Student: 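I have a structure I would like to understand better, so I am pasting it below and will then ask my questions one at a time.
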Amino acid sequence: MGKLRADISMSLDGFIAGPNDSPDNGLGDGGERLHQWVYGLKAWREPHGMTGGKEGPDSDVMAESIEGVGATIMGRRMFDFAEEPWGINPPFHNDVFVVTHRPREPLLKEGGTTFHFVSSIEEALKQAEGAAGNQHISVAGGASIIQQLLTLGLLDELQVHIAPVLLGGGRPLFNGMGKTIELKPARVVASDTVTHIKYQPAKK
C-alpha cells in the first residue's frame with residue numbers, strides 16, 4: 001500500500017486562500033499569489049496538457065508529489081470552487097473522492113479523472129484505498145480535509161509549499177484544530193520563489 005500524502009500552498013501568515021473566497025473567486029483576494037511558483041513548472045504543465053516549462057528543484061518537488069498517485073481525496077468546497085477552472089480534462093487523471101453532504105452521481109471527465117461523491121472522510125479513504133491499490137493517495141485539500149486527517153492521525157506526509165507572501169486574512173490551514181498535533185520536519189527544499197517543507201505527522 002502507498003502513502004496518504006497531502007500537498008498544499010500556504011502564505012507566510014498561514015492562509016491557503018485570501019479573504020472573500022467564493023466559486024467566482026476560488027483563491028480569495030490575492031490568493032493567486034500563493035501559486036505563482038508553480039504555473040511555469042514543467043511538472044505542473046505536463047498534467048495540464050501543456051508543453052515546455054521550467055525545470056529545477058521546484059519542478060522536481062512537484063513531479064515527486066504527483067508521481068505514483070492512484071487516487072485523490074478532496075473536500076466539496078474545493079471541488080465547487082475549482083470545477084470550472086479545471087475544465088473538461090482535470091489534472092488528476094485518477095479517481096477523485098469528494099467528501100460532501102450533497103451526494104450526486106459520479107462525474108466522468110476526460111483524461112481518466114472521475115469524481116466520486118461520498119459522505120464521510122472515512123468512506124473517501126476506504127474507496128480511495130481500493131482505487132489506488134499499491135499506489136499513493138493524494139489529499140488535494142482543502143484545509144478542513146487536511147485537518148480531519150491530521151486529527152485522526154492518518155496522514156503519512158504533509159508537504160507545505162510556503163509562498164513568501166502575506167495575505168492578512170482568509171482561510172487558515174491550521175486554525176481551530178482543537179488538539180496538539182506533532183509534526184516532524186523531514187525535508188526542506190528552498191528556491192527564490194517558495195519553500196517546500198515536508199512533515200511526517202505523528203501517527204496514532
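All residue numbers in this chain count up from 1 along the given sequence. Owing to the predicted nature of the structure, the values given are computational and were not obtained by experimental measurement. No hydrogens, no waters, no symmetry mates; every other heavy atom, side chains included, goes into these values.
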Student: Could you pull out every donor-acceptor pair under 3.5 Å between side chains of residues 21-39 and any protein atom, sequence neighbours left out?
Tutor:
from, atom 1, to, atom 2, distance (Å)
Asp21, OD1, Arg77, NH2, 3.4
Asp21, OD2, Arg77, NH2, 3.0
Asp21, OD2, Arg171, NE, 3.0
Ser22, OG, Asp24, N, 3.4
Ser22, OG, Asn25, N, 3.2
Asn25, ND2, Asn20, O, 3.1
Asn25, ND2, Asp29, OD1, 2.9
Asp29, OD2, Asn20, ND2, 2.7
Glu32, OE1, Tyr39, OH, 2.7
Gln36, NE2, Glu32, O, 3.4
Trp37, NE1, Ser9, OG, 3.2
Trp37, NE1, Leu34, O, 3.2

Student: May I ask whether Val194 and Leu12 are part of the same hydrophobic cluster, defined by side-chain heavy atoms of I, L, V, M, F, W, Y residues being less than 4.5 angstrom apart, directly or through others?
Tutor: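 Not linked; separate clusters.
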Student: Using distance alone, with no hydrogens and no angle criterion, decide if Thr113 and Asn94 have a side-chain donor and acceptor under 3.5 Å apart.
Tutor: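 Judged by distance alone, the side chains do not pair up.
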Student: Pro106 versus His116: any side-chain heavy-atom pair under 4.5 Å?
Tutor: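 In short, these two side chains touch, coming nearer than 4.5 Å.
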Student: Please report the shortest heavy-atom distance between Gly169 and Pro19, naming the atom on each side.
Tutor: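 Taking Gly169 first and Pro19 second, the nearest heavy atoms are O-CD, 3.4 Å.
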Student: Indicate yes or no: at least one non-hydrogen side-chain atom of Ile146 is less than 4.5 angstrom from one of Ile16.
Tutor: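 They are not in side-chain contact.
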Student: Following the transitive rule for hydrophobic clusters with a side-chain heavy-atom cut-off under 4.5 Å over Ile, Leu, Val, Met, Phe, Trp and Tyr, establish whether Leu183 and Leu149 coincide in one cluster.
Tutor: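 Shared cluster, yes.
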Student: Using side-chain contact (heavy atoms from CB on, under 4.5 Å), reason through Glu55 and Asp60 one step at a time and then give a plain yes or no.
Tutor: CA-CA 7 Å; Glu55 299 187 54; Asp60 292 343; 5.9 Å; no
Student: Where is the tightest heavy-atom contact between Gln147 and Pro172, given as atom of each residue plus distance?
Tutor: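 Where Gln147 meets Pro172 most closely, the heavy atoms are NE2-O, 4.1 Å.
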Student: Are any of the side-chain heavy atoms of Val69 and Ile137 separated by less than 4.5 Å?
Tutor: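 Not in contact.
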Student: Find out whether Arg5 and Val139 are in side-chain contact, i.e. whether some heavy atom of one side chain is under 4.5 Å from a heavy atom of the other.
Tutor: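 The answer is no; the side chains never approach within 4.5 Å.
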Student: Is any side-chain heavy atom of Ser11 less than 4.5 Å from a side-chain heavy atom of Leu166?
Tutor: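 A side-chain contact is absent here, since even the closest heavy-atom pair is not under 4.5 Å.
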Student: Establish whether Ile197 and Val61 are linked, either directly or via other cluster members, by ILVMFWY side-chain heavy-atom contacts under 4.5 Å.
Tutor: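 Not linked; separate clusters.
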Student: Under 3.5 Å, which donor-acceptor pairs link side chains of residues 153-164 to any protein atom two or more places apart or in another chain?
Tutor:
from, atom 1, to, atom 2, distance (Å)
Asp156, OD1, Lys203, NZ, 2.8
Asp156, OD2, Leu4, N, 2.8
Glu157, OE2, Lys3, NZ, 3.1
Gln159, OE1, Arg187, NH2, 3.0
Gln159, NE2, Asp7, OD2, 2.7
His161, ND1, His196, ND1, 2.7
His161, NE2, Asp7, OD2, 3.0

Student: May I ask you to test the Trp44-Ile66 pair for a side-chain heavy-atom distance under 4.5 Å?
Tutor: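 Trp44 does not reach Ile66 side chain to side chain.
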Student: For Lys42, I'd like to know if atom NZ has over 12 heavy atoms of other residues, nucleotides or ligands within 6.0 Å.
Tutor: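 Atom NZ in Lys42 is not packed in, count stays at 12 or less.
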Student: If you take all heavy atoms of Lys109 and Gly87, which pair is closest and at what distance?
Tutor: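 For Lys109 versus Gly87, the nearest heavy atoms are NZ-O, 3.5 Å.
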Student: Starting from Phe115, walk the hydrophobic network (Ile, Leu, Val, Met, Phe, Trp, Tyr; side-chain heavy atoms closer than 4.5 Å) and list everyone else you reach, by chain and number.
Tutor: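 Noted: Phe115 shares its cluster with Met74, Met78, Phe79, Trp86, Phe92, Val96, Val98, Leu107, Phe117.
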Student: Shortest non-hydrogen contact from Ala131 to Ala71?
Tutor: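 Closest approach of Ala131 to Ala71, heavy atoms only: CB-CB, 4.2 Å.
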Student: Any chain of hydrophobic side-chain contacts (each under 4.5 Å) joining Leu173 to Val165?
Tutor: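 Different hydrophobic clusters.
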Student: Quick test of your reading: applying salt bridge (Lys or Arg N to Asp or Glu O under 4.0 Å), list the pairs with at least one residue in residues 82-107, sequence neighbours left out, ordered by first then second residue.
Tutor: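 Matches after skipping sequence neighbours: Asp80-Arg102.
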Student: State, to 0.1 Å, how close Pro90 and His93 come at their nearest heavy-atom pair, and which atoms those are.
Tutor: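 In terms of heavy atoms, the two residues are closest at O-CE1, 3.3 Å.
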Student: Where do Val99 and Ile121 come nearest, in terms of heavy atoms and distance?
Tutor: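 Minimum heavy-atom contact is CG1-N, 3.9 Å.
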Student: Identify, with sequence neighbours excluded, every residue that meets side-chain hydrogen bond (donor to acceptor under 3.5 Å, both in side chains) alongside Thr114.
Tutor: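 Counting only residues at least two positions away or on another chain, Thr114 forms no side-chain hydrogen bond (donor to acceptor under 3.5 Å, both in side chains).
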Student: Could you tell me if the side chain of Ile73 sits less than 4.5 Å from the side chain of Leu125, heavy atoms only?
Tutor: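 Yes, side chains in contact.
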Student: Flag the pair Thr195 / Val189 as yes when at least one side-chain heavy-atom distance between them is below 4.5 Å, and no otherwise.
Tutor: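 No. Closest side-chain heavy atoms not under 4.5 Å.
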Student: Give every residue pair that meets the salt bridge (Lys or Arg N to Asp or Glu O under 4.0 Å) criterion with at least one member in residues 43-54, sequence neighbours excluded.
Tutor: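 Pairs touching residues 43-54 that pass the test: none.
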Student: Give the C-alpha distance, both sets of side-chain angles, the deciding distance and a yes or no for side-chain contact (heavy atoms from CB on, under 4.5 Å) between Gln148 and Leu150.
Tutor: CA-CA 5 Å; Gln148 289 181 60; Leu150 281 172; over 6 Å; no
Student: For residues Met62 and Met50: do they belong to one hydrophobic cluster (side chain heavy atoms under 4.5 Å, members Ile, Leu, Val, Met, Phe, Trp, Tyr)?
Tutor: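 Yes.
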